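Below is one structure, written out as structure tokens, with a few remarks after it.
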Amino acid sequence: MDTITHTLFGLTLYGAADKRDLQQHEKRALFVTTLVGSQIPDSDVISRLWDTEGMYQMWHRGITHSIFLVPLFALLIYILVRLLFRVTDIRYFWWALLSVFVHNTSDLFNAWGTGYFEPISDVRITFGVIPIVDFVYWGIFLVAWLVARKQEVRYKTYRYAWAALVLYVALQSAQGAYLYQSYSKEYDEVALSASFILTQFTVITKTDEDVSLFQDSIYQEATLQYELTSAEKASLEPLFEANHEARTLTKWSPFVVIVANEERLGVFDPRFYDGESSFLYEYIER
């Protein structure tokens with residue numbers, strides 16, 4: 001998800017905590033706990049500074065988004081708030097754990113995906129059922145905030161908001177799973193990319209050299225948007241030697257389209273194809 005959404009996750013987790021018995025410094029400690037927990041996995045962006053081998057695409061949302069690092073991040077946050085606010089309640093650790101878990105797990109559901117099981121597996125897991133920027137999330141958070149403003153006891157409202165969010169993700173996931181299974185019967189490879197429009201998906205398929213992008217939903221007939229041809233027989237070694245990011249992109253993406261013509265040799269991720277190109281496109285000039 002985007003930084004704004006992760007920030008809203010942290011704020012809404014803070015809102016969902018029952019703070020009636022907390023003193024002011026304990027509330028500040030909890031606020032820092034949920035906010036830092038909602039952001040700390042994205043600290044991997046600094047790896048761009050020392051990336052000389054074109055690995056940033058794999059490093060971002062890689063090991064820092066692993067389920068195995070959640071307890072470590074939670075412990076670091078717990079130590080931080082203990083030092084800053086002189087709090088010792090173990091519940092701050094559990095709130096930190098929940099905040100980091102929500103960040104890492106929520107990123108599984110969009111097209112970018114995460115290295116959720118690194119370092120055991122470097123496979124990028126992506127479900128593609130939630131857009132990277134999801135306005136439904138924002139709408140749920142906004143309604144919860146507006147309703148909570150008028151109430152003396154607010155945490156229950158934010159807990160209802162979390163229940164609504166989980167229900168929304170479950171419904172989107174069920175639709176995505178149905179579409180994925182339907183297309184898997186006809187095509188060798190299938191990937192999903194959720195639209196900004198509720199219940200709408202781009203389904204990307206690949207069989208041999210043929211790549212197709214469909215606009216589909218369980219509520220309507222599929223519409224073929226684009227048909228692409230991947231030059232599967234082209235050797236990519238010259239590309240990988242000259243452009244390290246291309247090798248990383250090929251490993252990172254569920255599958256790529258290979259471009260091999262007189263002008264360019266390259267690969268791009270068709271999930272982000274807009275009719276002309278993909279913003280994840282690595283190539284060399286010939």
Side-chain angles (χ1 to χ4, degrees), residues 2 44-45 47-63 65 107-118 121-133 176 179-180 183-184 186-195 201-216 224-286:
D2 62 293
D44 59 11
V45 296
S47 64
R48 189 190 293 269
L49 299 176
W50 56 79
D51 177 22
T52 60
E53 298 296 327
M55 291 297 296
Y56 178 72
Q57 193 74 33
M58 288 296 292
W59 288 347
H60 181 47
R61 292 193 178 186
I63 188 67
H65 286 64
D107 279 348
L108 288 172
F109 291 89
N110 57 57
W112 211 265
T114 73
Y116 201 65
F117 294 111
E118 290 191 15
S121 170
D122 62 358
V123 173
R124 186 58 56 115
I125 300 175
T126 168
F127 301 142
V129 296
I130 300 292
I132 293 176
V133 179
L179 292 174
Y180 185 91
Y183 280 85
S184 294
E186 299 183 37
Y187 301 95
D188 291 343
E189 298 180 271
V190 179
L192 298 177
S193 180
S195 168
F201 297 86
T202 299
V203 184
I204 307 95
T205 66
K206 184 176 184 180
T207 298
D208 299 326
E209 297 182 342
D210 300 322
V211 178
S212 302
L213 283 77
F214 299 90
Q215 187 71 35
D216 205 351
L224 178 62
Q225 292 184 302
Y226 307 108
E227 289 183 301
L228 308 171
T229 300
S230 179
E232 295 296 306
K233 295 181 180 180
S235 173
L236 295 177
E237 286 308 313
L239 172 65
F240 293 159
E241 291 177 5
N243 185 332
H244 298 302
E245 286 86 353
R247 185 188 298 275
T248 302
L249 179 60
T250 303
K251 184 178 182 180
W252 178 86
S253 303
F255 51 85
V256 296
V257 174
I258 301 173
V259 178
N261 54 40
E262 295 180 356
E263 298 177 350
R264 291 179 176 179
L265 175 63
V267 294
F268 67 82
D269 190 325
R271 295 176 298 169
F272 306 100
Y273 186 73
D274 62 4
E276 296 182 0
S277 185
S278 169
F279 76 85
L280 290 182
Y281 184 13
E282 299 294 340
Y283 61 88
I284 55 174
E285 302 286 353
R286 285 182 162 176

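A quick note: this is a predicted structure, and the numbers were derived from the prediction, not measured.
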Rounded distance (nearest 0.5 Å) linking atom [atom1] of [X] with atom [atom2] of [Y]:
X    : Y    : atom1 : atom2 : answer
R247 : L236 : CZ    : CG    : 9.0 Å
T114 : I63  : OG1   : CD1   : 10.5 Å
L108 : I130 : CG    : CD1   : 11.5 Å
L179 : T202 : CG    : OG1   : 11.0 Å
L239 : E282 : CG    : CD    : 8.5 Å
R271 : L213 : CZ    : CG    : 11.0 Å

[X] versus [Y], closest heavy-atom pair with distance:
X    : Y    : result
P238 : I284 : O-CD1, 3.9 Å
L265 : A260 : CD1-CB, 3.9 Å
E227 : S212 : CG-OG, 4.2 Å
S193 : A111 : OG-CB, 4.2 Å
I125 : Y116 : CD1-CB, 4.0 Å
G115 : R124 : N-NE, 3.7 Å

**Report entry** Contacts of type ring pair (Phe, Tyr, Trp, His ring centres under 6.0 Å), residue F240, not counting sequence neighbours
**Finding:** none

Query raised in the report: What is the ring orientation for W252 with F272, classed by angle as parallel under 30°, tilted 30 to 60°, or perpendicular over 60°?
Result: parallel

Requested in this report: Measure the acute angle between the ring planes of Y183 and F214, then classify it against the limits of 30° and 60° as parallel, tilted or perpendicular.
Outcome: tilted

Report task. Please determine, by modelled atom types, if E237 and S235 share a side-chain donor-acceptor pair under 3.5 angstrom. Result -> no

Hey, does [Y] have a side-chain heavy atom less than 4.5 Å from the side chain of [X]?
X    : Y    : answer
T205 : E186 : no
Q215 : S195 : yes
D208 : S230 : no
V203 : L192 : yes
Y281 : L249 : no

**Report entry** Partner set under side chain to side chain donor-acceptor pair (under 3.5 Å) for Y180, not counting sequence neighbours
**Finding:** none

Query raised in the report: Out of V256, L280, I258, V259, which residue meets the side-chain contact (heavy atoms from CB on, under 4.5 Å) rule with F268?
Result: V259

Is [X] reaching over with its side chain to a backbone N or O of [Y], donor-acceptor style, under 3.5 angstrom?
X    : Y    : answer
T126 : N110 : yes
Y187 : E189 : no
D274 : E276 : yes

Report task. Please indicate whether Y283 has more than 12 foreign heavy atoms, meaning atoms of other residues, nucleotides or ligands, lying under 6.0 Å from its OH. Result -> no

Query - Salt bridge E285-R264, side-chain N to carboxylate O under 4.0 Å - result: yes

